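Structure record follows, encoded as structure tokens.
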Amino acid sequence: GSASEHGMSVSTALGLVIVLTGGLALRPAAPPASWYASRGPGEAAARRLMVPALVIPFLVGALAQAGASLGLYTDSFAMSLLIVMFAATIQALIYLAVRVVRNHEAVREALERESAKNVERFTTLTREAPVGIFETDAEGRPVFVNERWEEITGISAEQALKGRSAIHPEDEHWVRPQWGAAAARGEGWSAEFRYLRPNGEVRWVSCHATAIRDEHGSVTSYLGSMLDITDRRVAEERTGLVVGRIAEAVTIIGADGTRLHANDAATAILGELGRGTPERPIGAESWNLVDADRQPLANDRLPAEVTRTTG
């Protein structure tokens with residue numbers, strides 16, 4: 001019960017704690033060392049309790065040692081004091097652990113409520129959206145389609161998720177390879193193609209898919225939209241039939257200046273000029289034209305360009 005004996009016991013305990021801490025530091029990926037680096041309510045509680053759990057026992061031991069050394073109480077009373085203070089310390093640590101875990105649980109529940117609201121918003125949006133919306137996994141296999149998608153394709157969500165496709169047989173040979181290649185590269189994809197509904201009706205769609213990535217940049221899924229453009233396509237085909245019967249050369253140009261359609265007379269003329277492939281806007285071609293005064297005619301003065309840019 002002497003001071004030297006008590007001093008030796010405290011210093012020995014301190015040395016053992018240092019050795020134990022060093023041993024744990026040699027295995028940072030294994031518990032309990034990993035608790036202080038990982039995320040979660042349990043790990044957060046461990047981090048909060050680490051310092052009190054190491055400091056309080058030494059404070060209690062030092063207090064008991066000092067009282068016994070000064071003759072304020074006997075060794076047996078010091079031992080009783082240690083027991084009481086250790087019990088109180090354990091209760092305080094338990095309280096602190098419970099509070100930390102409850103705080104984390106409250107945060108988790110709040111996040112879950114917000115997530116549920118976001119899911120509800122997304123569900124309402126996809127249900128009411130006038131366009132088809134779909135989601136696939138990272139390999140391009142469908143995992144979700146909305147009601148408008150079902151209306152356009154004529155097949156149910158259950159059939160789509162089982163792998164049934166309504167892509168027109170004349171388009172399937174290029175749609176599937178292109179979509180598969182884009183998914184394999186982790187890139188977005190867009191195209192216009194046809195669906196053949198079970199009742200035999202053909203629907204044209206403009207499809208766009210965007211890659212969804214995680215925090216590491218890896219593709220986790222694809223989110224896409226599908227717009228029914230059948231009416232526009234039918235109008236274009238009818239316009240093409242009418243324009244095709246006109247004897248004069250007629251070319252239909254899009255808003256970006258690219259040729260959308262040329263009738264037979266225009267195709268013949270463009271072919272003679274070596275401009276038969278409408279890959280670039282007409283303003284980007286080298287036409288080498290001259291005006292009525294035999295002066296070079298710049299592309300921005302072409303009648304089609306003037307009409308396109310000025311309306």
Side-chain angles (χ1 to χ4, degrees), residues 21 23-53 96-150 152-153 157-158 160-165 167 175-193 205-227:
T21 303
L24 296 177
L26 295 176
R27 302 180 60 192
S34 62
W35 296 344
Y36 304 110
S38 303
R39 295 181 179 180
E43 289 79 2
R47 288 191 292 271
R48 292 286 297 274
L49 296 175
M50 177 176 64
V51 174
L96 181 59
V98 170
R99 189 176 68 175
V100 171
V101 172
R102 283 183 175 177
N103 289 339
H104 278 266
E105 287 295 319
V107 172
R108 182 184 62 81
E109 291 174 359
L111 291 175
E112 288 180 350
R113 288 193 297 270
E114 185 62 27
S115 177
K117 291 180 181 178
N118 290 335
V119 170
E120 184 178 357
R121 293 190 193 102
F122 179 76
T123 302
T124 302
L125 174 64
T126 56
R127 184 175 60 248
E128 303 297 333
V131 298
I133 296 176
F134 62 91
E135 183 180 5
T136 74
D137 60 17
E139 285 72 39
R141 294 184 293 265
V143 296
F144 167 81
V145 296
N146 71 341
E147 294 179 5
R148 180 55 179 157
W149 189 96
E150 296 180 75
I152 294 173
T153 63
E158 182 179 3
L161 300 188
K162 288 182 178 180
R164 179 175 176 179
S165 172
I167 299 175
V175 170
R176 284 190 175 278
Q178 285 190 16
W179 167 233
R185 295 190 303 267
E187 300 175 352
W189 183 73
S190 62
E192 293 184 0
F193 56 91
V205 298
S206 177
C207 181
H208 301 270
T210 302
I212 305 300
R213 303 179 183 275
D214 59 19
E215 63 272 16
H216 305 295
S218 301
V219 175
T220 58
S221 62
Y222 287 88
L223 187 62
S225 62
M226 194 168 66
L227 179 64

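This is a predicted model, so every value here is computed, not measured.
For S165, the side-chain contact (heavy atoms from CB on, under 4.5 Å) partners two or more places apart in sequence, or in a different chain, are I167, E172, R176. Take E158 and apply the salt bridge (Lys or Arg N to Asp or Glu O under 4.0 Å) test, not counting sequence neighbours, and it matches K162. Considering only residues two or more places apart in sequence or on other chains, W189 meets the ring-ring contact (aromatic ring centres under 6.0 Å, His included) condition with W179. In this view, R213 satisfies the side chain to side chain donor-acceptor pair (under 3.5 Å) rule with no residue, not counting sequence neighbours. Evaluation of the side-chain contact (heavy atoms from CB on, under 4.5 Å) rule for E192 yields S206, I229, R232, R233 as partners, not counting sequence neighbours.
Between the CZ atom of R148 and the CG atom of L227 there is a distance of 8.5 Å, given to the nearest 0.5 Å.
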Tabulate below the donor-acceptor pairs under 3.5 Å that side-chain atoms of residues 136-144 make, not counting sequence neighbours, or state none.
residue, atom, partner, partner atom, Å
D137, OD1, E139, N, 3.0
D137, OD1, G140, N, 2.9
D137, OD1, R141, N, 2.8
D137, OD2, R141, NE, 3.0
D137, OD2, R141, NH2, 3.2
E139, OE1, R141, NH2, 3.3

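Side-chain atoms of F193 and V205, non-hydrogen and from C-beta on, do get closer than 4.5 Å to each other. Taking 4.5 Å as the limit, some side-chain heavy atom of T153 sits within range of a side-chain heavy atom of M226.
The two atoms that bring A211 and G186 nearest to each other are CB-O, 3.9 Å, heavy atoms only. Taking both residues in full, the closest heavy atoms of T220 and D214 are given as CG2-CB, 3.8 Å, listed atom of the first, atom of the second, then distance. Taking both residues in full, the closest heavy atoms of S225 and V131 are given as CB-CG2, 4.5 Å, listed atom of the first, atom of the second, then distance.
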